[in-house]
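Computation of the quantities below employed the complete heavy-atom set of this structure, encompassing side-chain atoms and omitting hydrogens, waters and symmetry-equivalent molecules. Just so it is clear: chains get the letters A, B, ... in the order the sequence lines come, proteins before strands, and each one is counted from 1.
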There are 2 protein chains.
Amino acid sequence: MENRDFRVLVVDDEPDIIEFIDYNLKREGYHTANAANGIEALAKAKDFKPDIVLLDVMMPRMDGIETCRQLRAMPEMDNSLIVFLTARSEEYSEISGFNAGADDYIAKPIKPRVLLSRLKAILRRRVRANEQESFEAGDLIIDRESFLVYRGSQKIQFARKEFELLFLLASKPGKVFTRESILGKVWGEDVLVVDRTIDVHIRKIREKLGDDYIATIKGVGYKFDK
Amino acid sequence: MENRDFRVLVVDDEPDIIEFIDYNLKREGYHTANAANGIEALAKAKDFKPDIVLLDVMMPRMDGIETCRQLRAMPEMDNSLIVFLTARSEEYSEISGFNAGADDYIAKPIKPRVLLSRLKAILRRRVRANEQESFEAGDLIIDRESFLVYRGSQKIQFARKEFELLFLLASKPGKVFTRESILGKVWGEDVLVVDRTIDVHIRKIREKLGDDYIATIKGVGYKFDK
DNA sequence: CTCTGTGTTAATTAATCCTTAACGGATTTT
DNA sequence: AAAATCCGTTAAGGATTAATTAACACAGAG
């Protein structure tokens with residue numbers, strides 16, 4: 001899906017910021033609309049049907065948190081994302097505490113590149129969330145619900161880490177994952193685990209599936225390649 | 001890549017700020033140069049070839065925005081980043097409106113840790129941004145994601161150095177790369193490797209692709225030419 | 001508590017990649 | 001024409017990276 005297909009509603013009481021965000025989004029091909037306060041935002045959302053709402057937390061009349069609640073209640077917003085714009089990242093705890101239903105937040109001051117890359121990431125994440133928990137890769141069916149992998153009528157059981165690793169690799173067949181990125185995604189960002197650990201799990205996967213599913217790219221990483 | 005390899009040009013009319021930033025960057029191993037105004041900045045940029053320019057927006061004689069435009073126009077600045085130093089975040093509209101080509105900005109007052117971590121993030125991002133994931137060259141498709149080269153339906157596998165070398169040459173078909181620049185880009189700036197090594201890798205590439213992809217320019221270097 | 005499956009690491013072995021030295025041919029310079 | 005330079009090629013070892021095995025810790029199930 002191209003950016004051009006995404007609709008973004010920007011809600012902020014400062015015209016400068018609206019203009020700034022609007023300019024950057026338009027340049028990337030997003031459809032945009034804007035509102036200066038919560039009341040206006042609700043009205044605009046109804047017509048505009050945004051995929052994503054960038055919502056300033058601090059606004060006069062009706063604040064972002066209340067606006068968010070009301071937006072969430074609208075049927076038109078069923079599949080939309082709401083992203084808070086917060087003056088400082090410290091306010092995150094506050095926001096999440098409110099549990100107003102925001103999907104993410106972006107800290108001000110907003111930098112063009114950060115805004116755009118975050119937006120992309122958020123939208124990508126949504127796409128994934130909508131994805132089924134089960135998919136096919138090669139002649140395998142990988143099903144997260146049951147933690148099982150099917151090959152034809154054969155059921156193959158994997159331990160959790162093995163499964164997550166296979167799941168990651170198979171989710172993008174052909175793509176080479178570096179050990180670093182594998183660690184980040186399967187084990188978590190700041191986990192102290194040695195690279196060899198990945199190798200061992202790869203080996204266990206190969207033991208169960210055969211050697212011709214996961215290819216080693218020496219000096220780079222692994223890929224699912226069947 | 002270590003910080004020591006990065007070159008930062010700091011442009012600000014206040015000597016105090018220059019000194020402050022300079023001190024902090026040097027401590028982290030960056031190479032630095034500085035300029036007190038836009039005119040000086042342009043001259044320095046030409047010699048110093050910075051990877052990144054920290055540019056005060058408000059300056060006498062020629063302001064940061066105009067300086068930025070002119071820097072962008074310089075061929076020496078092709079791969080450089082320009083980061084604005086802005087007095088306050090309110091300057092959004094200004095920054096966004098003119099589209100002078102800044103890559104990011106850092107708000108004053110500048111805190112050392114913020115400066116350094118932002119710089120790291122920005123440089124890291126650049127490295128990625130420069131990396132095209134996949135492109136066509138001649139009848140080849142060179143795909144870094146899978147570390148494969150396709151010729152029609154044929155998949156051709158390369159070892160890492162071979163791949164990087166082919167990737168470099170093919171990224172600018174027709175351009176002659178000297179051995180020196182090849183070493184710098186594929187092997188890294190301060191690696192001690194003998195020229196014959198490149199030849200050997202070129203040979204391996206030719207073995208896999210055929211002799212009519214990479215041409216030797218005697219006394220100069222190699223180019224991708226198909 | 002014991003047993004089993006899982007996750008991790010260390011240590012060893014295996015694979016392959018990278019680099020170099022050496023030599024020969026080609027081309028350019030002296 | 002000789003000398004010098006540059007490039008291509010080969011084969012060998014050294015260096016790097018991955019595969020494999022075995023051992024241990026730990027958690028949860030029974």
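Looking at heavy atoms from C-beta onward, Pro173(B) lies out of side-chain contact with Asp225(B) at the 4.5 angstrom threshold.
Listed pair Arg203(A) / dT21(D) meets the phosphate criterion, a side-chain N or O lying under 4.0 Å from OP1 or OP2. Of the side-chain N and O atoms in Thr216(A), one or more sit less than 4.0 angstrom from OP1 or OP2 of dA19(D). At the phosphate of dG7(C), neither OP1 nor OP2 sits under 4.0 Å from any side-chain N or O atom of Trp187(A).
When the P atom of dT19(C) is taken as reference, atom CG of Leu165(B) falls 11 Å away, rounded to whole Å. Rounded to an integer number of Å, the gap from Ile202(A) CD1 to dT20(D) P is 11 Å. Rounding to whole angstrom units, CD of residue Glu162(A) and P of dT8(C) are separated by 11 Å. The separation between Phe163(A) atom CZ and dT6(C) atom P is 13 Å, rounded to whole Å. With rounding to whole Å, Arg160(B) atom CZ is found 9 Å from dT16(D) atom C1'. Between Arg179(B) atom CZ and dC6(D) atom P the separation is 9 Å, expressed in whole Å. Rounded to whole angstrom, the span from the NZ atom of Lys204(A) across to the C1' atom of dA19(D) amounts to 14 Å. Between His201(B) atom NE2 and dT16(C) atom P the separation is 17 Å, expressed in whole Å.
Using the six-membered ring where Trp is involved, Phe167(A) and Phe135(A) have ring planes that are perpendicular, over 60° apart on the 30 and 60° scheme.
Defined by atom type and a distance below 3.5 Å, a donor-acceptor pair is missing between the side-chain atoms of Ser80(A) and Asp51(A).
Ile141(B) is linked by a side-chain contact (heavy atoms from CB on, under 4.5 Å) to Ser134(B), Glu136(B), Tyr150(B), counting only residues two or more places apart in sequence or in another chain.
Few gaps surround CD on Gln157(B); more than 12 heavy atoms of other groups in view lie less than 6.0 Å from it.
Side-chain rings of Phe163(A) and Phe147(A) approach one another, their centers coming within less than 6.0 Å.
When the options Leu166(A), Leu169(A), Leu140(A) are evaluated for a side chain to side chain contact (heavy atoms under 4.5 Å, CB included) with Tyr213(A), the one that passes is Leu140(A).
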- If the sugar-phosphate is the primed atoms plus P, OP1 and OP2 and the base is the rest, what is the B/S/- string for nucleotides 20-30 of chain C, using protein heavy atoms under 4.0 Å? B-B----S---
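Within 4.0 Å of Tyr222(A), counting heavy atoms only, lie sugar-phosphate atoms of the nucleic acid but no base atom.
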